[in-house]
*Asks:* 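Take this structure, written in structure tokens, and hold onto it; I'll ask about it next.
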Amino acid sequence: MAGGAVLEERYNPKSVEERWRKAWQENRTFKVSEDLSKPKYYCLEMFPYPSGRIHMGHVRNYAIGDVVSRYKRMRGFNVLHPMGWDSFGLPAENAAIKHGIHPQKWTLENIAFMRDKQLKRLGLSYDWDREVTTCLEEYYRWNQWFFIKMYERGLAYKKLSYVNWCPSCATVLANEQVEAGLCWRCSSVVQHKELEQWFFKITAYAEELLSWCDKLTGWPERVLTMQRNWIGKSTGVEVDFAVEGTGDKLTIFTTRPDTLFGVTFMSIAPEHPMLESLIKGRPQAGEVRSFVQRVMSEDKAARTDEKQEKEGVFTGAYAVNPLNNEKVPVWVGNFVLMEYGTGAIMSVPAHDQRDFEFARKYGLPVRIVIQNPEKNLDAATMQQAYVEDGIEANSGNFNGLANSEAKERIADFVEQRKFGKRTVNWRLRDWGISRQRYWGTPIPIIYCEKCGAVPVPEKDLPVRLPMNVELTGRGRSPLAEARSFTEAACPKCGGKARRETDTMDTFVDSSWYFLRYCSPREDSAPFAKKAAAYWMSVDQYIGGIEHAVLHLLYARFFTKVIRDLGLFDGDEPFVNLLTQGMVIKDGAKMSKSKGNVVDPDFILNKYGADTARLFSLFAAPPERDLEWSDQGVDGAFRFLHRVWTLVYRHIEAVRGIKAAGVEARGDRLYRKTHVTIKKVTEDIEREFHFNTAIAALMEMVNEMYDYTSAGIASDKLPMLRSAIDSVTRLIAPFAPHFAEELWAALGNSTSIANASWPQHDPEAIVATEITIVVQVNGKVRSKLTVPAGTSDRELEVAALADAKVKEFTNGKTPRKVIVVQGKLVNVVV
RNA sequence: GCGAGAGUGGCGGAACUGGCAGACGCGCCAGACUUAGGAUCUGGUGGGCGACCGUGGGGGUUCAAGUCCCCCCUCUCGCACCA
């Protein structure tokens with residue numbers, strides 16, 4: 001047996017934790033496999049990037065997940081709780097450039113250190129046999145496999161487009177990776193650049209990704225809101241305006257067809273493909289070109305800044321409004337985005353604030369087409385656009401209709417006359433996955449001079465990332481420099497060809513790793529279908545809010561694609577999501593520059609893992625930010641000490657004693673024990689409120705001290721035994737090494753991880769006597785102790801007879817007496 | 001501007017469907033044991049001398065409001081020229 005059957009006098013976390021860490025490893029305590037006889041539970045924490053060291057945020061994240069896993073396990077679930085490494089990515093490459101160490105070596109060394117020297121010390125109940133490392137070919141080959149499957153279905157495609165370019169990372173970024181115009185990783189100003197890129201067609205799933213937001217009831221509302229905003233569905237109408245003098249059509253998108261009669265000009269994006277033909281041969285051409293050039297030279301941050309002055313120039317061209325055959329000027333506007341809608345808009349200054357400002361600035365006409373029913377609008381004097389609902393005016397046959405009604409009627413009219421059609425526009429763009437970097441999954445495409453882009457056949461996978469590549473941090477994709485890599489034969493015709501040298505965005509790796517955990521050593525498929533059918537979906541996913549739209553949206557998308565490939569029978573990857581708060585110190589996020597970082601190793605050395613876990617779970621509920629407090633850690637340590645000392649004192653006396661059963665009902669410690677079991681269980685079940693669960697355990701331990709303060713009679717030993725027994729089980733998910741040690745000392749020879757969770761005795765918690773609060777006019781004046789089950793009538797009589805009540809009612813007759821069953825009496829005078 | 005969340009002692013935080021505000025912990029104060037205590041144990045600890053007053057501010061509903069309704073303030077996060 002691994003545990004010491006005799007307790008040492010003083011709690012020594014170091015020796016206790018070492019002993020149990022070893023025991024768990026040797027006994028394979030947390031190894032799991034599919035077992036149809038038990039209900040399954042899949043608990044997952046977002047896997048880390050192997051940066052070299054873990055931080056307090058990791059400790060908190062994994063401690064939360066571990067409590068959930070261990071608790072569910074004790075409740076009889078077959079728990080899958082895996083860990084792995086999101087191990088492709090830029091820092092490895094930067095380390096290579098800076099220190100001349102190969103990214104692979106750097107990464108694998110970091111993983112070994114973080115796994116063996118850091119994570120394993122935390123006592124986390126992982127099945128380490130399921131470890132997944134995304135930078136190994138046994139994993140990334142399946143990224144390539146998915147790419148090819150998606151390519152075959154038209155879900156992966158290449159196109160020339162304007163992309164977000166980070167000059168510092170020297171690579172392209174997805175839209176999701178640009179935050180306020182800055183690179184999400186290094187905060188450089190993102191540039192606009194035209195490049196050929198590979199895309200995943202996430203927009204094909206936009207509707208489904210959106211509609212499922214309503215069904216993910218186990219997700220925090222704010223994450224769903226962010227996803228809904230990001231997907232950004234807007235329904236409207238596309239309308240064709242004929243360009244005067246040419247046969248061309250200028251198509252615009254609008255959500256406000258009810259304002260179509262109020263169009264007084266048009267605006268198009270500087271990148272609009274029709275621009276050249278519009279200005280050709282016109283006197284305005286020169287001015288337009290220099291305007292366009294100036295706007296396009298601005299970086300993305302400046303261009304999309306709301307405070308940016310709205311500017312434009314007249315192209316000299318006119319377009320015809322198909323509804324009233326009116327001629328309106330076409331302008332180029334710096335605020336019109338080519339990526340959204342059609343890159344051209346109709347401008348209705350009377351009813352759109354942007355258009356209004358633009359019209360006033362350039363002296364363009366304003367025409368009211370929706371009248372305010374409260375107060376007549378005047379185009380000449382209005383100070384801002386009228387964007388509320390109202391009645392149609394100046395709108396031909398539609399005059400007099402409510403604008404909400406007119407929206408539909410005008411859209412119908414547009415469709416009947418074939419001026420355009422109803423459409424839906426999405427803010428969501430396809431996911432650009434090409435990265436001009438080395439340390440990632442090679443995109444499995446070969447370019448043949450004759451056949452064009454040809455996917456690498458499945459049998460030739462993986463396309464291995466070559467190891468002998470020089471990394472300079474400059475210029476093009478590092479892979480492009482490696483001739484042995486780029487030279488290839490066309491899989492179709494065998495002719496001379498070259499390989500794609502871009503690698504995939506690392507968010508591809510984390511989009512399906514949760515499926516891989518189900519069967520991590522499977523080598524004929526990304527995962528075994530049967531294993532996934534058993535384990536998926538993830539019952540509880542835990543991680544930071546920072547992935548609210550990035551990873552969590554991509555993973556949902558991949559899951560749906562994988563479903564449609566017939567590999568997995570489910571719609572969503574994560575049933576419940578817990579977004580834990582940050583760990584902060586002195587009111588700010590821990591960061592090197594602020595010098596407020598707490599090193600997990602230091603805490604582990606000084607107090608041990610159980611204290612570190614206990615504190616991070618006790619100091620705040622998981623979804624809130626946690627303020628780190630050195631003194632708070634002392635408090636957690638002290639609590640474990642108190643439990644230890646209590647058990648140490650009585651262990652000899654209770655060793656051979658049988659725990660108390662129902663015959664002990666009525667004993668105050670027995671009652672407290674069962675109240676605590678109920679409270680701890682409910683707090684874990686209800687939103688994982690570990691802080692109050694731990695508080696309840698502390699209360700119980702205080703009660704145990706009190707119970708035993710004057711020594712203990714032998715007839716009370718069964719109650720003490722059952723209390724110690726229960727506390728040990730209840731504390732096990734929080735402080736597992738500690739609990740194992742006590743558990744062994746109590747004479748158990750199997751791990752407490754496999755012990756059952758205690759169940760409370762409902763009869764035991766029914767009090768025989770209850771305290772009733774007595775109020776006079778809503779203010780607490782007295783308390784009554786009465787037998788449970790005293791009737792309302794008796795309570796009222798007792799309250800009115802109370803001396804204090806008489807004093808405060810001062811002889812007046814009560815106007816009303818309110819009795820709340822078992823709680824309170826309020827006398828109103 | 002839009003959306004989400006929050007505001008409670010000196011501090012972190014409790015208070016499930018309206019029913020003793022401040023559980024539990026930290027800190028602080030006092031005492032015990034001690035050569036000693038930054039160890040441990042015991043007790044106390046919202047404010048005010050008091051009637052009383054206290055959950056960001058102001059109204060309201062109710063026998064009763066941290067909790068429900070209306071108005072306002074502050075903070076955090078996300079989105080933000082999306083046509």
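Every heavy atom of this structure was used, including side-chain atoms; hydrogens, water molecules and symmetry mates were not. To find a chain, count down the sequence lines: A is the first, B the second, and so on, and within it residues start at 1.
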*Asks:* Just to be sure I understand the rule, does A/Ser629 reach a base, reach only the sugar-phosphate, or reach nothing, if contact means heavy atoms closer than 4.0 Å?
*Replies:*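 Since no nucleic acid heavy atom lies under 4.0 Å of A/Ser629, the category is nothing.
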
*Asks:* Contact class for A/Gly232 vs. all strands (heavy atom < 4.0 Å): base, sugar-phosphate, or nothing?
*Replies:*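 No contact.
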
*Asks:* Rounding to an integer number of angstrom, what distance separates B/rA4 and B/rG9 when you compare their P atoms?
*Replies:*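 The answer is 27 Å between these two P atoms.
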
*Asks:* Does A/Arg294 pair with A/Glu311 as a salt bridge, N-O distance under 4.0 Å?
*Replies:*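 The answer is yes: the pair qualifies as a salt bridge.
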
*Asks:* Count the heavy atoms belonging to other residues, nucleotides or ligands that lie under 6.0 Å from CZ of A/Arg222, then report whether that count exceeds 12.
*Replies:*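 Open.
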
*Asks:* When you check the side-chain N and O atoms of A/Asn702 and A/Arg642, is any donor under 3.5 Å from an acceptor?
*Replies:*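 Yes, side-chain donor-acceptor contact under 3.5 Å.
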
*Asks:* Do A/Ser267 and A/Ser347 have side-chain atoms, one donor and one acceptor, less than 3.5 Å apart?
*Replies:*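 Result is yes, a qualifying pair exists.
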
*Asks:* Counting only non-hydrogen atoms, which of residues 340-353 of chain A are less than 4.0 Å from RNA chain B?
*Replies:*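 Correct list: A/Tyr340, A/Ile345.
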
*Asks:* Sugar-phosphate atoms are those with a prime plus P, OP1 and OP2; base atoms are the rest. Using that split, label each nucleotide of nucleotides 9-22 of chain B B, S or - for protein heavy atoms under 4.0 Å, 5' to 3'.
*Replies:* ---BSSS---BB--

*Asks:* If the P atom of B/rC26 is compared with that of B/rG43, how far apart are they to the nearest Å?
*Replies:*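 Straight-line distance between the two P atoms is 14 Å.
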
*Asks:* Got a salt bridge between A/Arg668 and A/Asp706, using NZ or NE/NH1/NH2 to carboxylate O under 4.0 Å?
*Replies:*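 Salt bridge between A/Arg668 and A/Asp706, a charged N being under 4.0 Å from a carboxylate O: yes.
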
*Asks:* Side chain of A/Ala695, heavy atoms from C-beta onward: which of B/rC24, B/rC79, B/rG3 has the nearest atom to it?
*Replies:*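 Looking only at side-chain atoms, A/Ala695 lies closest to B/rC24.
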
*Asks:* Output one line per pair: protein atom, nucleotide atom from nucleotides 41-52 of chain B, and distance, for all N/O pairs under 3.5 Å.
*Replies:*
from   : atom 1 : to       : atom 2 : distance (Å)
B/rC41 : OP1    : A/Arg642 : NH1    : 3.1

*Asks:* Compare every heavy atom of A/Tyr648 with every heavy atom of A/Leu7, then report the nearest pair and how far apart it is.
*Replies:*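 Heavy atoms only, the tightest pair is O-CE1, 3.7 Å.
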
*Asks:* Report the residues that fulfil ring-ring contact (aromatic ring centres under 6.0 Å, His included) with A/Tyr705, sequence neighbours left out, ordered by chain and then residue number.
*Replies:*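 In terms of ring-ring contact (aromatic ring centres under 6.0 Å, His included), with neighbours along the sequence ignored, A/Tyr705 is linked to no residue.
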
*Asks:* Across the strands shown, which category fits A/Glu221 at heavy-atom distances under 4.0 angstrom: base, sugar-phosphate, nothing?
*Replies:*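 Touches nothing.
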
*Asks:* Output a table of donor-acceptor pairs, distance under 3.5 Å, between side-chain atoms of residues 814-822 of chain A and any protein atom two or more places apart or on a different chain; print 'none' if there are none.
*Replies:*
none

*Asks:* Would you kindly check whether a donor in the side chain of A/Lys310 faces an acceptor in the base of B/rC81, or vice versa, at under 3.5 angstrom?
*Replies:*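 Checked by distance alone, the answer is yes.
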
*Asks:* Roughly how far apart, to the nearest Å, are B/rG57 and B/rA65 at atom P?
*Replies:*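 B/rG57 and B/rA65 have their P atoms separated by 15 Å.
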
*Asks:* For RNA chain B, just give me the dot-bracket, please: Watson-Crick or G-U, both distances below 3.5 Å, ( ) intra-strand, [ ] crossing earlier pairs, | paired with another strand, . unpaired.
*Replies:* (((((((..(((......[....)))((((((.......))))))((....))..(((((..]....))))))))))))....

*Asks:* For a side chain to side chain contact (heavy atoms under 4.5 Å, CB included) check, start with the C-alpha distance between A/Val67 and A/Leu617, then their side-chain angles and the critical distance, and finish with the verdict.
*Replies:* CA-CA 9 Å; A/Val67 174; A/Leu617 297 162; 3.5 Å; yes

